[in-house]
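Taking it in order: structure first as structure tokens, then the write-up.
Within every chain, numbering begins at 1; the chains are lettered A, B, ... in the order of the sequence lines, protein sequences first and strands thereafter. Here the structure is a predicted model, which is why all the values come from computation and not from measurement.
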Protein chains: 2
Amino acid sequence: MHSDVVASRSAEHRDSRESRNGGSPPDAVSLAIIEQLQEDGRRPYAAIGKAVGLSEAAVRQRVQKLLDQGVMQIVAVTDPLTVGFRRQAMVGVHVEGDVESVADALTAMSECEYVVMTAGSFDLMVEIVCEDDDHLLDVINRRIRAVPGVRSTESFVYLKLKKQTYMWGTR
Amino acid sequence: MHSDVVASRSAEHRDSRESRNGGSPPDAVSLAIIEQLQEDGRRPYAAIGKAVGLSEAAVRQRVQKLLDQGVMQIVAVTDPLTVGFRRQAMVGVHVEGDVESVADALTAMSECEYVVMTAGSFDLMVEIVCEDDDHLLDVINRRIRAVPGVRSTESFVYLKLKKQTYMWGTR
DNA sequence: CGCCAAGGCTGCGAAATCCGCAAGCATCGG
DNA sequence: CCGATGCTTGCGGATTTCGCAGCCTTGGCG
């Protein structure tokens with residue numbers, strides 16, 4: 001359940017520039033390719049080609065382009081609990097002033113895995129991953145609340161992760 | 001050749017059985033391997049071996065085991081906005097009665113990408129991915145609220161995704 | 001209409017990688 | 001001492017990756 005990137009075409013985190021529709025959405029064939037790779041990120045190009053009706057080389061080119069454009073990443077994802085992290089939480093943030101600058105500050109924290117600007121009673125929703133309660137307390141109480149513009153926060157500590165998929169575009 | 005789609009290591013979603021620490025957390029070397037694959041899910045075993053100080057065969061065995069145990073998955077991840085989904089939201093759910101049964105019902109919905117049981121003012125947090133406003137409305141107002149045990153919900157529509165990483169275990 | 005450039009696809013060898021397997025070691029625990 | 005486990009080295013064959021040379025279609029343009 002989680003993953004990330006590398007070297008040449010690595011996109012460590014995606015901000016507006018990348019996720020902005022830098023172009024039109026992928027066509028049906030590329031979607032099909034993505035779907036294949038969502039099932040198994042290491043599936044051979046030839047197998048994908050057979051499944052979507054394209055040659056191996058064509059699949060290779062399209063995958064490379066999708067990677068370069070930042071439309072998708074092929075990465076290993078894990079369940080944080082199985083790799084030693086004991087505390088996770090979703091934090092809702094109330095902001096006064098510029099929301100985006102606060103979002104940027106939170107984005108810079110390594111403990112924040114997920115930062116999104118929202119409409120509703122919270123201005124920001126942030127998912128954080130910590131090693132233990134002390135760590136969690138430190139991040140929420142000291143670091144996040146210290147960011148200029150943060151008026152208040154509300155935390156939702158994870159008790160159990162029930163579902164986490166990566167099947168976008170599949171339906 | 002690939003009629004074995006079903007097979008071995010597909011873990012479309014993980015529930016308690018899988019994510020429960022089925023064993024001790026991976027050792028330092030396996031963590032290092034995961035880290036490599038978080039950078040590039042297609043990196044060759046030999047390259048990984050060189051990076052973590054193991055032979056190609058050993059890396060192969062460990063990766064296979066990590067996959068089989070469900071500790072990690074290697075998959076393609078995309079930004080929903082770039083593949084045609086226009087509306088995303090985080091929904092906080094207040095439950096009366098058994099929280100887990102509600103969580104299971106939500107988990108069964110394909111629009112729910114992420115379902116987690118939490119402590120705090122919400123009993124559940126659910127991330128939803130939809131094609132447009134109508135779709136979103138339908139899911140929240142009709143489907144989710146129709147689940148027995150759901151007392152009320154609060155929605156946070158996504159305005160902008162600022163960060164999304166997959167670097168667990170890396171820090 | 002004719003020409004040309006660009007983009008996407010196919011088909012190929014060549015190189016690299018994957019994969020199973022066997023033999024040899026070292027460690028750990030009963 | 002024995003058995004289980006995990007790693008290494010080595011090996012060959014199957015598979016996959018990769019670069020490149022065509023080919024074809026599309027779109028711009030005189």
Side-chain angles (χ1 to χ4, degrees), chain A residues 3 5-10 21-76 78 82-84 169, chain B residues 1-11 21-76 78 82-84 169:
Chain A
S3 57
V5 187
V6 162
S8 37
R9 54 295 197 102
S10 75
N21 53 1
S24 44
D27 63 24
V29 178
S30 287
L31 258 326
I33 291 175
I34 292 174
E35 209 170 311
Q36 291 289 315
L37 290 170
Q38 282 175 331
E39 287 178 22
D40 178 359
R42 275 184 169 253
R43 185 163 297 171
Y45 296 134
I48 296 173
K50 206 157 303 181
V52 308
L54 234 50
S55 71
E56 176 268 337
V59 172
R60 202 189 332 139
Q61 295 173 53
R62 292 177 91 120
V63 168
Q64 193 56 55
K65 183 177 297 184
L66 290 170
L67 256 15
D68 291 340
Q69 290 174 167
V71 172
M72 76 172 181
Q73 304 171 241
I74 298 177
V75 296
T78 64
T82 68
V83 284
Chain B
M1 279 276 109
H2 40 60
S3 46
D4 56 310
V5 216
V6 162
S8 28
R9 62 292 195 107
S10 75
N21 53 3
S24 42
D27 63 24
V29 179
S30 287
L31 259 324
I33 292 174
I34 291 174
E35 209 169 312
Q36 291 289 314
L37 290 170
Q38 282 176 330
E39 287 178 19
D40 179 358
R42 277 184 171 254
R43 184 165 296 175
Y45 295 136
I48 297 173
K50 205 157 301 180
V52 307
L54 234 50
S55 69
E56 177 266 344
V59 172
R60 207 189 324 144
Q61 296 172 50
R62 282 190 182 239
V63 168
Q64 193 56 54
K65 185 178 297 183
L66 290 170
L67 255 15
D68 290 341
Q69 290 174 166
V71 173
M72 76 172 178
Q73 302 173 243
I74 298 178
V75 298
T78 64
T82 67
V83 287

By nearest-nucleotide position on DNA chain D, the 5'-leaning member of A:Gln61 and A:Arg42 is A:Arg42
Roughly, in whole Å, what's the span from [atom1] in [X] to [atom2] in [N]?
| X | N | atom1 | atom2 | answer |
| --- | --- | --- | --- | --- |
| B:Glu56 | C:dC19 | CD | P | 9 Å |
| A:Leu37 | D:dT17 | CG | C1' | 15 Å |
| B:Tyr45 | D:dT9 | OH | P | 19 Å |
| A:Lys65 | C:dG7 | NZ | P | 8 Å |
| A:Lys50 | C:dT10 | NZ | C1' | 15 Å |
| A:Ile48 | D:dT15 | CD1 | P | 17 Å |
| B:Asp27 | C:dC28 | CG | P | 14 Å |
| A:Arg43 | C:dC18 | CZ | P | 17 Å |

Using the side-chain heavy atoms of [X], tell me which of these nucleotides is nearest: [options].
| X | options | result |
| --- | --- | --- |
| A:Pro44 | D:dT9, C:dT10, D:dT16 | D:dT16 |
| A:Leu54 | C:dC18, C:dT10, C:dG8 | C:dT10 |
| A:Arg60 | C:dC18, C:dT10, D:dC18 | D:dC18 |
| A:Ser55 | D:dT8, C:dT10, C:dC18 | C:dT10 |

Just so I know, are the side chains of B:Arg62 and B:Leu54 near enough to count as touching, which here means a heavy-atom distance under 4.5 Å?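 The answer is yes, as the side chains (C-beta and beyond) meet within the 4.5 Å cut-off.
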Does some side-chain heavy atom of B:Val75 sit less than 4.5 Å from a side-chain heavy atom of A:Ile74? no
Give, for atom CD of A:Gln61 and atom CG of A:Leu66, the distance between the pair rounded to the nearest 0.5 Å.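 One gets 12.0 Å once the value is rounded to the nearest 0.5 Å.
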Assess, by modelled atom type and distance only, whether the side chains of A:Asp68 and A:Gln64 contain a donor and an acceptor separated by less than 3.5 Å. yes
Tell whether B:Arg62 reaches the base of D:dG6 with its side chain through a donor-acceptor pair below 3.5 angstrom. no
For a quick check of understanding: with a heavy-atom distance under 4.0 Å over all strands, which category does B:Ala58 fall into, base, sugar-phosphate or nothing? sugar-phosphate
Examine distances only and state if a side-chain atom of A:Arg42 and a backbone atom of B:Arg43 form a donor-acceptor pair shorter than 3.5 Å.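 At least one qualifying donor-acceptor pair exists.
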